[in-house]
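Reading through the structure tokens given below for one structure.
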Amino acid sequence: MKREEALSLVRKQITEHRYVHTLGVVETAIMLAEKYGADVEKAELAAIFHDYAKFRPKEEMATIIEQQQMDPQLLAFHSELWHAPVGAYLVQKEAGIEDEEVLDAIRYHTSGRIGMTLLEKVVYVADYIEPGRHFPGVEEVRELAKNNLDAALIQALKNTIQFLMKKNQPVYPDTFHTYNDLTMKKEGAN
């Protein structure tokens with residue numbers, strides 16, 4: 001699917017503010033993919049569609065999670081997580097994207113997962129550090145992303161976990177597992 005066609009489909013699904021964010025994620029994902037050797041076209045496509053389901057009604061997303069037999073634990077956690085796996089499903093169903101690598105990059109861009117692929121890491125980090133993002137800790141992750149994608153991802157996960165804990169909110173298990181997986185691999189490399 002061509003860039004303009006994909007952007008046109010996404011633009012109909014999200015707010016103008018989120019569309020500007022999406023364009024930032026796209027450019028950041030392309031830059032990270034080029035730097036770290038991921039497939040640039042797949043990174044671009046996954047970045048374009050990463051927030052496709054962001055503004056779907058919560059009831060619709062909950063129904064899709066149940067009907068498609070996605071992880072039932074999702075429903076016990078904040079609905080902010082739902083748009084990623086639901087988005088992957090809807091992008092396949094409504095936009096006809098069949099590439100599992102692209103769909104997985106969409107599916108795991110909020111939670112992460114054990115054994116993340118390079119493409120998944122690129123989209124996750126791009127979403128976190130795109131130029132329109134302004135929150136405590138983002139600059140550190142941007143700096144880390146210049147030299148080490150895994151270090152940037154670990155710091156982004158750490159920031160997210162700490163943020164949720166400070167707000168007394170539960171942390172989705174996959175996020176903890178992703179952090180542990182990457183940290184243990186890093187420790188094993190030393």
Side-chain angles (χ1 to χ4, degrees), residues 10 14-36 38 43-44 46-56 58 61 73-74 76-87 104-187 189-190:
V10 168
I14 59 177
T15 64
E16 186 61 27
H17 177 76
R18 186 54 50 167
Y19 184 72
V20 171
H21 159 74
T22 296
L23 294 176
V25 175
V26 170
E27 296 314 312
T28 305
I30 290 169
M31 182 266 299
L32 291 172
E34 288 172 345
K35 180 169 184 57
Y36 292 105
E44 179 181 44
I48 289 170
F49 281 107
H50 83 284
D51 276 349
Y52 184 79
K54 182 89 171 171
F55 298 101
R56 293 293 176 107
K58 288 178 187 172
M61 289 195 285
Q73 278 192 98
L74 280 166
F77 288 85
H78 198 283
S79 58
E80 184 65 26
L81 286 170
W82 301 354
H83 76 279
V86 170
D104 280 345
I106 296 166
R107 185 174 289 118
Y108 300 111
H109 85 270
T110 57
S111 65
R113 70 167 172 165
I114 291 175
M116 286 179 82
T117 66
L118 179 58
L119 181 63
E120 291 166 14
K121 292 174 184 180
V122 162
V123 174
Y124 188 108
V125 173
D127 183 34
Y128 194 90
I129 68 168
E130 66 91 2
R133 296 280 203 189
H134 304 286
F135 52 82
V138 72
E139 284 303 326
E140 180 182 6
V141 178
R142 282 185 183 123
E143 283 302 310
L144 289 168
K146 292 177 182 177
N147 299 305
N148 187 321
L149 188 62
D150 281 356
L153 180 53
I154 288 168
Q155 189 61 50
L157 289 160
K158 189 187 302 183
N159 291 352
T160 299
I161 292 166
Q162 289 173 342
F163 173 78
L164 291 169
M165 290 174 73
K166 283 179 186 169
K167 291 179 68 177
N168 292 316
Q169 291 187 353
V171 179
Y172 188 59
D174 283 1
T175 304
F176 269 128
H177 295 317
T178 305
Y179 172 80
N180 287 341
D181 181 51
L182 290 164
T183 302
M184 291 189 325
K185 285 177 181 167
K186 183 180 170 198
E187 291 299 317
N190 292 340

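Side-chain atoms are counted along with the backbone in the values below, which use heavy atoms only and exclude waters and symmetry mates. None of these values were measured; they are calculated from a predicted model.
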Open item on the list: If you compare all heavy atoms of A126 against all heavy atoms of V25, which two are closest, and at what distance to 0.1 Å?
Closed with: CB-O, 3.8 Å
Open item on the list: To check you understand the geometry: which heavy-atom pair defines the closest contact between L164 and P170, and what is its length?
Closed with: CD1-O, 4.1 Å
TODO: Supply the atom-to-atom distance L149 CG to L32 CG, rounded to the nearest 0.5 angstrom.
DONE: 6.0 Å
TODO: Could you check if a side-chain atom of H17 sits within less than 4.5 angstrom of a side-chain atom of V20, using non-hydrogen atoms only?
DONE: no
Open item on the list: Less than 4.0 angstrom from a charged side-chain N to a carboxylate O is my criterion; do R133 and D127 meet it?
Closed with: yes
Task: Backbone of K58 reached by a side-chain donor or acceptor of W82 within 3.5 Å - done: no
- [ ] Flag the pair T178 / Y108 as yes when at least one side-chain heavy-atom distance between them is below 4.5 Å, and no otherwise.
- [x] no
Task: Spacing of S79 atom OG and L74 atom CG [to the nearest 0.5 Å] - done: 11.0 Å
Task: Salt bridge flag under 4.0 Å for residues R113 and D181 - done: no
Task: Within 6.0 Å of CZ in F163, more than 12 heavy atoms from elsewhere - done: no
Open item on the list: For K186, is there an ion pair with D150 - N to carboxylate O distance below 4.0 angstrom?
Closed with: no
TODO: Take Y128 and N159 through the side chain to side chain contact (heavy atoms under 4.5 Å, CB included) test and state the conclusion after the steps.
DONE: CA-CA 11 Å; Y128 194 90; N159 291 352; 3.1 Å; yes
Open item on the list: Within this structure, what is the CD-CD1 distance for the pair E143 and I129, rounded to the nearest 0.5 Å?
Closed with: 10.0 Å
- [ ] Return the minimal non-hydrogen interatomic distance between M61 and A53, and the atom names on each side.
- [x] SD-O, 3.7 Å
Open item on the list: Measuring only between side-chain heavy atoms, which start at C-beta, is Y124 closer than 4.5 Å to L157?
Closed with: yes
Open item on the list: Keeping Y179 on the side-chain end and Q155 on the backbone end, is there a donor-acceptor pair under 3.5 Å?
Closed with: no
Open item on the list: Can you confirm if the aromatic rings of F49 and Y52 lie within a centre distance of less than 6.0 Å?
Closed with: yes
- [ ] I would like to know whether V138 and H134 meet side chain to side chain contact (heavy atoms under 4.5 Å, CB included); could you show each step before the answer?
- [x] CA-CA 7 Å; V138 72; H134 304 286; 5.6 Å; no
Task: Closest non-hydrogen atom pair between P173 and F77, with its separation - done: CD-CZ, 3.5 Å
Task: Heavy-atom check, side chain of E120 versus side chain of T117, under 4.5 Å - done: yes
- [ ] Could you tell me the separation between the NZ atom of K146 and the CG atom of N148, rounded to the nearest 0.5 Å?
- [x] 14.0 Å
Task: Gap between atom OG1 of T175 and atom NZ of K158 - 0.5 Å precision - done: 15.5 Å
TODO: Would you please test T110 and E80 for side chain to side chain contact (heavy atoms under 4.5 Å, CB included) and show each step?
DONE: CA-CA 8 Å; T110 57; E80 184 65 26; 5.8 Å; no
Task: Check against side chain to side chain contact (heavy atoms under 4.5 Å, CB included), K121 and L182 - done: CA-CA 11 Å; K121 292 174 184 180; L182 290 164; 4.0 Å; yes
TODO: Rounded to the nearest 0.5 Å, what's the gap from CZ on R56 to CD1 on I14? Could you check?
DONE: 11.5 Å
Task: Which atom of V125 lies closest to which atom of A152, heavy atoms considered - done: CG1-CB, 4.3 Å
Open item on the list: What I want to check is whether the side chains of D51 and Y19 have a donor and an acceptor closer together than 3.5 Å.
Closed with: no
Task: With H50, the side chain to side chain donor-acceptor pair (under 3.5 Å) member among H21, R107, H83 - done: H21
Open item on the list: Minimum heavy-atom separation for D174 and G112, please, with both atom names.
Closed with: CB-O, 3.7 Å
